[in-house]
Participant: 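Before I ask anything, here is the structure I am working with.
Keep in mind that this is a model prediction, so the values were computed, not measured.
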Amino acid sequence: MSVNGEATRVVSEADEPGWEVDPDDDWALAVVATVGRQLRLRREATGMRVGDFAVAVGYGEDLVYKIESGKRIPRPEYLDTADEVLNAGGLVAAMKEDVKKVRYPKKVRDLAQMEARAVELQLYDPVNIHGLLQTPEYARALFRMRRPRYAEEEVERGVAARSARKSVFERDSAPELSFVQDEWTLLRRLGGGAVMRQQLEHLLEVGKLPNVEIQVMPMGREEHAGVDGAIEVLKFEDGTAVGRSPGISNGRPVTDPRQLRILELRYGIIRAQALTPRESAAFIDQLLGET
C-alpha cells in the first residue's frame, strides 16, 4: 500500500516509551480519548478496516487500536499521514497542537500555567541554570546526565516541555523576572564548551530584556542565605502567591503567607548578597571570553 505513490514502512511502536497516557492526568486522558474517537469515526466513515488503515498509514494494527481507544498518544507524523489517508482536509492534522501539550508531564503543564499567570517571578537555582533560562542544547545535555539514563525520546520530550515554558518571555504584559544563579552553575560545562558558550550568550541576551534581572552569587561569598536550596516565588495580579523550596514543606508548593514571607526573606537576602545585574553581566561576559 502507498500514500502519494510512496511505499510506506509498517512501524510498530505500541510499546515505545514516552507515548503512554498518564492514568492520573484527567485532562490528558480526555484529550487522547477524543482524538482517538475522532480518528476511529473518520476511518469507519470511509469504510476502511483497521488492518487496511494500518497498512495505509504505515503503522501496526496494535498501535492503531491503542490510539483509537485512547490508550496511546499519536505521533504528529501519524496524524499528518492519517489526515492524508482519510482525506480530512487538515482537520486531523490540526489536532497535533492539543496532542503536543498532552506529552508534557502534568506538573510541567501546571507550572507553565502558573508562570503564564504570574506578574512577578523570583527564582534562585543553586544546582543548574534555571529552566526558563536554558537553551535547548543545554537542557538536552542536562537531561542526558540523568540516572537512570533517559531514553532519547524522553530527553526530547523534556526539552520540548522546557522550551514551551519560555512563552512567559513573549507575553504582551510580560512579568517581572528576577533570577539568581550560583556561580558554579555557570562554570560546569554540561554538553561541552560550545553548548556552554551558547548558553552564556543566551544569558546575556535575556538579561538585556527590560523586565529581566539576572544576578550571580559568587562562590567566594562568606555569607549565603541560599543554603537550604532553590527558591521559586510566583506572584499573581490578585495579590496571591505560590512558592516552593526544599527547605519549606519538603519542596511542596506553599501559599500560606507565613511560609511565603520566609521564602521572600531568604530570596531578598540572596539578591543582596549576589552581584548586581550589571556586575553579573560583566562576570558572565568574562566567562564567555574564557570558554
Participant: For Lys96, which residues count as a salt bridge (Lys or Arg N to Asp or Glu O under 4.0 Å) partner, sequence neighbours excluded?
Facilitator: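 Scan of Lys96 (salt bridge (Lys or Arg N to Asp or Glu O under 4.0 Å), adjacent residues dropped) gives Asp80.
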Participant: Provide the full list of side chain to side chain donor-acceptor pair (under 3.5 Å) pairs with a residue in residues 202-221, sequence neighbours left out, each pair given once.
Facilitator: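 Matches after skipping sequence neighbours: Glu205-Lys208, Glu213-Arg271, Gln215-Arg271.
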Participant: What residues form a side-chain contact (heavy atoms from CB on, under 4.5 Å) with Glu290, not counting sequence neighbours?
Facilitator: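 Testing Glu290 for side-chain contact (heavy atoms from CB on, under 4.5 Å), a comparison that skips the adjacent residues, returns Gln286, Leu287.
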Participant: Residues two or more places apart in sequence or in another chain: which of them pass salt bridge (Lys or Arg N to Asp or Glu O under 4.0 Å) with Glu176?
Facilitator: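 Expected list: none.
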Participant: Without swapping roles, check the side chain of Arg147 against the backbone of Met145 for a donor-acceptor pair under 3.5 Å.
Facilitator: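 Yes, because the side chain of Arg147 sits within donor-acceptor range (under 3.5 Å) of the backbone of Met145.
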Participant: Restricting to pairs with a member in residues 137-146, which pass side chain to side chain donor-acceptor pair (under 3.5 Å), not counting sequence neighbours?
Facilitator: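 Of all non-adjacent pairs touching residues 137-146, those that pass side chain to side chain donor-acceptor pair (under 3.5 Å) are Arg140-Glu156, Arg144-Glu152, Arg146-Tyr150.
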Participant: With sequence neighbours left out, what residues match Thr34 under side chain to side chain donor-acceptor pair (under 3.5 Å)?
Facilitator: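 Thr34: no side chain to side chain donor-acceptor pair (under 3.5 Å) contacts found.
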Participant: Provide the full list of ring-ring contact (aromatic ring centres under 6.0 Å, His included) pairs with a residue in residues 254-278, sequence neighbours left out, each pair given once.
Facilitator: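 As it turns out, there is no ring-ring contact (aromatic ring centres under 6.0 Å, His included) pair with a partner in residues 254-278 once direct neighbours are skipped.
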Participant: Going by an N to O cut-off under 4.0 Å, is there a salt bridge joining Arg37 and Glu68?
Facilitator: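 Salt bridge flag = no for Glu68 with Arg37.
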Participant: Show me the donor-acceptor pairs within less than 3.5 Å that the side chains of residues 250-263 make with the rest of the protein, sequence neighbours left out.
Facilitator:
{"unit_1": "Asp256", "atom_1": "OD2", "unit_2": "Arg258", "atom_2": "N", "d": "3.2"}
{"unit_1": "Asp256", "atom_1": "OD2", "unit_2": "Gln259", "atom_2": "N", "d": "3.2"}
{"unit_1": "Gln259", "atom_1": "NE2", "unit_2": "Ser249", "atom_2": "OG", "d": "3.1"}

Participant: Show every ring-ring contact (aromatic ring centres under 6.0 Å, His included) that has at least one partner inside residues 214-258, sequence neighbours left out.
Facilitator: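 As it turns out, the ring-ring contact (aromatic ring centres under 6.0 Å, His included) pairs with a partner in residues 214-258, which skip direct neighbours, are Tyr124-His224.
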Participant: Does anything in residues 172-192 form a ring-ring contact (aromatic ring centres under 6.0 Å, His included)? List the pairs, not counting sequence neighbours.
Facilitator: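 Found His130-Phe179.
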Participant: The criterion is salt bridge (Lys or Arg N to Asp or Glu O under 4.0 Å); which residues satisfy it with Asp285, sequence neighbours excluded?
Facilitator: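 Counting only residues at least two positions away or on another chain, Asp285 forms no salt bridge (Lys or Arg N to Asp or Glu O under 4.0 Å).
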Participant: Using the salt bridge (charged side-chain N to carboxylate O under 4.0 Å, His left out) rule, collect all pairs that involve residues 195-204, keeping only residues at least two apart or in two chains.
Facilitator: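 Residue pairs passing salt bridge (charged side-chain N to carboxylate O under 4.0 Å, His left out), neighbours aside: Arg197-Glu201.
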